[in-house]
Amino acid sequence: MAIEGSIVVLGLALLSCVADGALRHHIGLSHRRGLIDGSGAEVTVFDVTQHGAKADDQTDNAEAFIQTWRAACDSGVPAKLVIPGGTFLTSPVVFQGPCKSAEPIVFEVQGNVKATSDLSEYSSGQWILFEIIDGLTLNGGGAFDGQGSAVWKYNDCHQNKQCQPLPSSIKLSKVKNSDIHEISSFNSKYFHMHVTDCNNISIHDVNLTAPANSPNTDGIHISNSDSVNVTSSQIGTGDDCISIGQGSTNILVSQVFCGPGHGISVGSLGKYDNEEDVSGIVVTNCTLLNTTNGVRIKTYAASQPSQALNITFKDITMDSVKNPIVIDQKYGSRKSEPSRVKISNVQYQNIKGTSTSDVAVSFLCSSLVPCEGVELVDIDLAYIGQKKMTLSASCLNANVTSGGTQNPACN
Ligand SMILES: *[C@@H]1O[C@H](CO)[C@@H](O)[C@H](O)[C@H]1NC(C)=O
Ligand SMILES: *[C@@H]1O[C@H](CO)[C@@H](O)[C@H](O)[C@H]1NC(C)=O
Ligand SMILES: *[C@@H]1O[C@H](CO)[C@@H](O)[C@H](O)[C@H]1NC(C)=O
Ligand SMILES: *[C@@H]1O[C@H](CO)[C@@H](O)[C@H](O)[C@H]1NC(C)=O
Ligand SMILES: *[C@@H]1O[C@H](CO)[C@@H](O)[C@H](O)[C@H]1NC(C)=O
Ligand SMILES: *[C@@H]1O[C@H](CO)[C@@H](O)[C@H](O)[C@H]1NC(C)=O
Ligand SMILES: *[C@@H]1O[C@H](CO)[C@@H](O)[C@H](O)[C@H]1NC(C)=O
């Protein structure tokens with residue numbers, strides 16, 4: 001609840017700042033120079049409506065968006081692309097750099113950007129792609145509407161391993177030194193955000209929403225990226241709120257409110273050959289409400305070898321969470337061959353709240369490469385399920401040390 005309040009306050013602060021400054025000056029101006037942005041730098045505004053975009057909820061604005069981007073990105077001056085208020089429909093678009101100015105390019109979404117629903121238009125894995133950009137600021141208080149509800153029925157990934165995933169809403173690929181904030185995404189067809197091959201990315205004050213039963217609508221999936229922070233955000237969706245996949249290093253998740261959803265996960269790991277290791281993950285000061293899992297590490301059975309190490313889950317509140325603390329190394333398969341993803345140095349500290357199942361701590365580590373250096377300190381969970389049960393912990397193939405409160409304790 002506290003997080004929700006702080007997002008609202010920040011949102012209002014941004015809106016009033018836009019209303020006082022930039023917005024009043026841009027209206028009706030085309031590529032006008034000499035405008036002053038919040039940091040005091042001069043920026044040139046590139047408004048998509050000046051390149052033919054129409055907020056009529058039926059024109060496909062992809063071409064106008066790309067033209068505006070090219071004008072801004074190739075201008076060589078500090079530039080801001082603006083999508084003003086209104087609903088702008090668009091099929092898939094690629095916003096590609098590198099851009100010519102050394103200043104970050106600002107992509108300001110004030111209105112609603114709405115996806116087309118005809119899946120035959122989506123030839124690659126996403127709807128909106130930002131790639132090869134050094135210095136992107138994506139903000140503006142607007143929303144990306146993925147129109148997922150029309151196509152979720154075509155997602156058969158739960159039964160078909162070779163399934164063709166639906167497109168993610170926003171993908172960042174080979175983007176660095178960038179800041180994503182004050183945007184919303186709802187009803188993504190697949191992931192809301194996919195961050196891959198990125199470096200030094202801050203994502204904060206975002207609001208990602210989809211129904212609890214929407215398939216694979218992960219909030220933010222991170223892979224092959226270094227130094228990504230996700231903070232002060234609200235994510236309620238049908239799959240993991242945040243999933244931290246292979247090759248992720250130095251990832252911070254803090255002040256994230258998650259629910260509904262499948263919780264905050266490291267993984268799934270070990271699905272593909274030659275996966276890169278995962279290390280330096282900190283999840284702190286988060287609240288999970290009514291999620292199927294709390295904090296989870298998941299790896300496939302019968303995997304190729306890799307490692308997940310130096311992972312901290314700290315100061316976490318579980319509110320009616322089904323499986324609060326989970327390591328599952330037999331994820332997604334009934335194969336008997338053990339996982340070869342080695343998990344080590346995992347700390348759980350000050351995790352409190354309520355569990356709706358009786359096994360609140362479940363470590364199912366690999367028999368071949370047992371979990372090492374798992375530390376449980378101040379775990380205080382209470383059972384609030386339907387049955388008359390006491391909480392238990394199940395800790396298999398894990399070397400666990402513990403301190404402080406242990407509710408429940410690993411045997
Ligand atoms: C934890 O989050 C709350 C808001 O949810 C914030 O007020 C507090 O400062 C945060 N604490 C830390 C240590 O980040
Ligand atoms: C987040 O988005 C959802 C749906 O778009 C909306 O109902 C909710 O009020 C938003 N929350 C915040 C904190 O902006
Ligand atoms: C990370 O990116 C931010 C811009 O979002 C930039 O100000 C900062 O200098 C970058 N940090 C490093 C270490 O490059
Ligand atoms: C992430 O947060 C840490 C700790 O506050 C900070 O040192 C680091 O610079 C941040 N990185 C990014 C990409 O924002
Ligand atoms: C918890 O989530 C389920 C579906 O995931 C929903 O039916 C139920 O109303 C939610 N309960 C609360 C208290 O939000
Ligand atoms: C893991 O943490 C240890 C210290 O706790 C450190 O020495 C080591 O370099 C870290 N390894 C990685 C890959 O982050
Ligand atoms: C368990 O870990 C401790 C230190 O973390 C170590 O001293 C001990 O040898 C380990 N035990 C096994 C069975 O691996």
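One-based numbering, in listed order, for ligands and for the atoms of each. None of these values were measured; they are calculated from a predicted model.
For ligand 4, the atoms lying closer than 4.0 Å to a non-hydrogen atom of I201 are 13 (C). Atoms of ligand 4 lying under 4.0 Å from any heavy atom of L252, numbered from 1 in the order shown and given with element: 2 (O). Counting atoms of ligand 4 from 1 in the listed order, those under 4.0 Å from a heavy atom of N229 are 1 (C), 2 (O), 3 (C), 8 (C), 10 (C), 11 (N), 12 (C), 14 (O). Close approach of ligand 6 to N310 is summarised as follows: ligand atoms under 4.0 Å from at least one heavy atom of the residue are 1 (C), 2 (O), 3 (C), 8 (C), 10 (C), 11 (N), 12 (C), 14 (O). Using a 4.0 Å cut-off to heavy atoms of S279, the atoms of ligand 6 that qualify are 13 (C), 14 (O). Taking every non-hydrogen atom of S202 and a distance limit under 4.0 Å, the qualifying atoms of ligand 4 come out as 14 (O). For ligand 4, the atoms lying closer than 4.0 Å to a non-hydrogen atom of S227 are 13 (C).
Panel note: side chain N61, backbone L89; a donor-acceptor pair is recorded below 3.5 Å.
V256 and V230 get closest at one heavy-atom pair: CG2-O, 3.8 Å.
The option from T137, L136, N177 that lies nearest to atom 14 (O) of ligand 3, judged by heavy atoms, is N177.
Taking distance alone, with nitrogen or oxygen atoms compared against 3.5 Å, D179 stays at or beyond that limit from ligand 3.
Ring pair W69/F130 is perpendicular by interplanar angle, where above 60° counts as perpendicular and below 30° as parallel.
With a 4.5 Å cut-off on side-chain heavy atoms, R296 and D240 count as touching. No side-chain heavy atom of I222 sits less than 4.5 Å from a side-chain heavy atom of I201. With contacts defined as side-chain heavy-atom distances shorter than 4.5 Å, the pair T356/Y383 does not qualify.
Counting only heavy atoms, the protein never gets under 4.0 Å from atom 5 (O) of ligand 6. There is a protein heavy atom less than 4.0 angstrom from atom 2 (O) of ligand 6. By the definition of a contact as any protein heavy atom under 4.0 Å away, atom 9 (O) of ligand 4 is not in contact.
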Derivation of the side chain to side chain donor-acceptor pair (under 3.5 Å) call for S248 and S225: CA-CA 5 Å; S248 298; S225 294; 6.0 Å; no

Do Y300 and Y272 pass the ring pair (Phe, Tyr, Trp, His ring centres under 6.0 Å) test, and can you show the C-alpha distance, the side-chain angles, and the key distance before you say yes or no? CA-CA 9 Å; Y300 281 87; Y272 306 102; 8.1 Å; no

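In summary, E108 and K80 engage in a salt bridge, as defined by a charged side-chain N under 4.0 Å from a carboxylate O.
From the protein, the heavy atom lying nearest to atom 13 (C) of ligand 4 is N200 OD1, 2.9 Å.
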